[in-house]
Each structure stands twice: as structure tokens, then as C-alpha cells.
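Structure record follows, encoded as C-alpha cells.
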There are 2 protein chains.
Amino acid sequence: MSAAEKYDVFQAIADPTRREVLHLLAAKERSIAEITSHFNMSRTAIAKHLHVLADAELVSGTKVGREKIYSLQPEPLTELKQWLSFYEQFWNNKLTKLKYVVENQFEKDKE
Amino acid sequence: MSAAEKYDVFQAIADPTRREVLHLLAAKERSIAEITSHFNMSRTAIAKHLHVLADAELVSGTKVGREKIYSLQPEPLTELKQWLSFYEQFWNNKLTKLKYVVENQFEKDKE
DNA sequence: ATTATATGAAACCAGATGGTTCTATGTCAA
DNA sequence: TTGACATAGAACCATCTGGTTTCATATAAT
């Protein structure tokens, strides 16, 4: 596992456990053991998830003594944001249309 | 396949082929055959991807004659946007910090 | 020095995923 | 009504994924 560039941001955040890990790391840096304590699965499983996240460069880990401390690296999420921004026009349009319909109906009701 | 709620937005967009399909449907409604013509894989494979997307409610399909026409339903992407918005503060902070460091260094250089 | 702690890494496993081919069904056109 | 077209669905397959257990190694503490 953890071959360079094997996982991209989209794959990395597809798993709910990994999203939880990101959320934990958003609060503060944590060791693998500390992260594991929040889940109902083995340390090894969490370590694998961390490898995937590190592969997508969403986290980075540095050894401190015998611990490995992971921290959030949110930059790759900008790729996701860019991807999303393309679609915002569509749901904005839909909401605008909906708003128009609703308001029009409202006007009609008052007649 | 296509059991209700089996796939969420995060999983649906994890696959690059599915993201391409979404992009195609953003331009206009299309039949399965039409979508397939843009890829180097079987119609059945594309149909499966469409089922996943439909399960996540990112697309919807209606039968018209012997064709099934799929169209984009961007609303579920708002969930993704909300998820993302939580992390925006972090990368904004990082950029702010970086800006601060760079500018500070610049000032020091002038001394 | 010995022991406990924290992680790394390998081997293994079941189920999910992404693709295929083949067959069946419904619709349009001649 | 016959044939071509568009899709549906089943069966199958290889690989990936997300988990496990086990063993090894490095550091900390007594």
C-alpha cells in the first residue's frame, strides 16, 4: 500500500472512516494510537487509512520518539472545491428556477 | 445493484468514469448509448455506473420510447459542498499564515 | 537489562467493485 | 410480421478494498 499517487482526493474521502479521521485531525495533531482510540477497529486498519490519506497528501506524519504524529494537510481539497464549483451553476439555476416558480405561485395566490 | 441508499455522493464521485459521465450530463440529457459512445467500455458497464449515480440521486433516467434518457441532478452535491466548507477555514488559515511568513521575511530582508 | 509501548509490515480473507459476455425483452421501422 | 435497435438483467471474473492476525523493530521507562 501507499504507492505514490495511487490514491487521489476523491477516493481518499470516499470512505466514511477516513472522513472521520480527517475531522479528528482538523481539531489537532494526533498519534496513530490516539486516532485509533476513537474507532472500533484495529490500529493496523487505521494505519492503512492514514496511508491512503497520506498518499492523497491530505495528511502528513512525522515520527516523534516512538510515536508517529499525523496532521491535516487540507490543500488537496482545493481540487475538490474546483471540481464542485463547476456544478454550482447548475444547482443555483435550479434553485433560482424553483424560487421563481414559488414566488410566481405566491403572487397568483394573492390575486 | 441499485439498492436504495447503497451509494452516497462521496462514493459516487470517487470513480473517474462516473465523474466524466456527470460532466457529459451537465451539458445535456443523453441516452445510455450516447453516453457509452464517449467511452472505451461496454454499454453494460456504463449502465452500471449510471445505476450508481442514480442511487446517489446525482442523475435520474426516464424511458422515452426504447431509449432511457439520463439527466443531471446536482442537488446532492450540496452535501459535498457543506462537508468541504468545514475545511475551507483550514486552508485559508494556512494561506494566511504563509502570507504572513512571506511578508515578514520580506520585511526582514529590507532591514 | 528488561519490559512495556508504539509503530511497521507481511500474510491472509471476505466482500465490494468494475469490468466482461450472453440472453431476454420491448419498441421502432419497413 | 420481421428485423434492427436500445436497454435490462443474469452470470461470471479479476482485482481492489477494508478489515484481521501475527511477528518484528525501535523507543521509553523501570
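How far OG1 of A:T78 is from OH of B:Y87: 15.0 Å, rounded to the nearest 0.5 Å. Note that CG of B:L72 and CZ of A:F90 are 6.5 Å apart. Values are rounded to the nearest 0.5 Å.
Regarding A:D55, its CG atom lies at a distance of 13 Å from the P atom of D:dG18, rounded to whole Å. The CZ-P distance, from A:F10 to C:dG18, rounds to 15 Å in whole Å. A straight line from CG of A:L50 to P of D:dG18 spans 13 Å, rounded to a whole angstrom. If you take NE2 of B:H49 and C1' of C:dA16, they are 14 Å apart, rounded to a whole angstrom.
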Contacts under 3.5 Å, N or O only, protein and nucleotides 6-13 of chain C:
unit_1, atom_1, unit_2, atom_2, d
C:dT7, OP1, A:I32, N, 3.1
C:dT7, OP1, A:K68, N, 3.4
C:dT7, OP2, A:A33, N, 2.8
C:dG8, OP1, A:K68, NZ, 3.3
C:dG8, N7, A:R43, NH1, 3.3
C:dG8, N7, A:R43, NH2, 3.3
C:dG8, O6, A:R43, NH2, 3.1

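Side-chain nitrogen and oxygen atoms of B:Q11 include at least one within less than 4.0 Å of the OP1 or OP2 phosphate oxygen of C:dT17. The phosphate of D:dC16 (OP1 or OP2) has no side-chain N or O of A:Y7 nearer than 4.0 angstrom. Residue A:S42 has no polar side-chain atom (N or O) positioned under 4.0 Å from OP1 or OP2 of D:dG19.
Checking A:D15 against A:V64, the closest nucleotide of DNA chain D that is more toward the 5' end is the one next to A:D15.
Ring geometry for B:H23 versus A:F86: interplanar angle under 30°, hence parallel rather than tilted (30 to 60°).
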Please tabulate, for side-chain N and O atoms in residues 64-71 of chain A, each donor-acceptor pair with protein atoms closer than 3.5 Å (sequence neighbours left out).
none

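Put simply, the side chain of B:K81 reaches to within 4.5 Å of the side chain of A:E88, judged on heavy atoms. Residues A:V52 and A:K6 fail the side-chain proximity criterion, which asks for heavy atoms closer than 4.5 Å.
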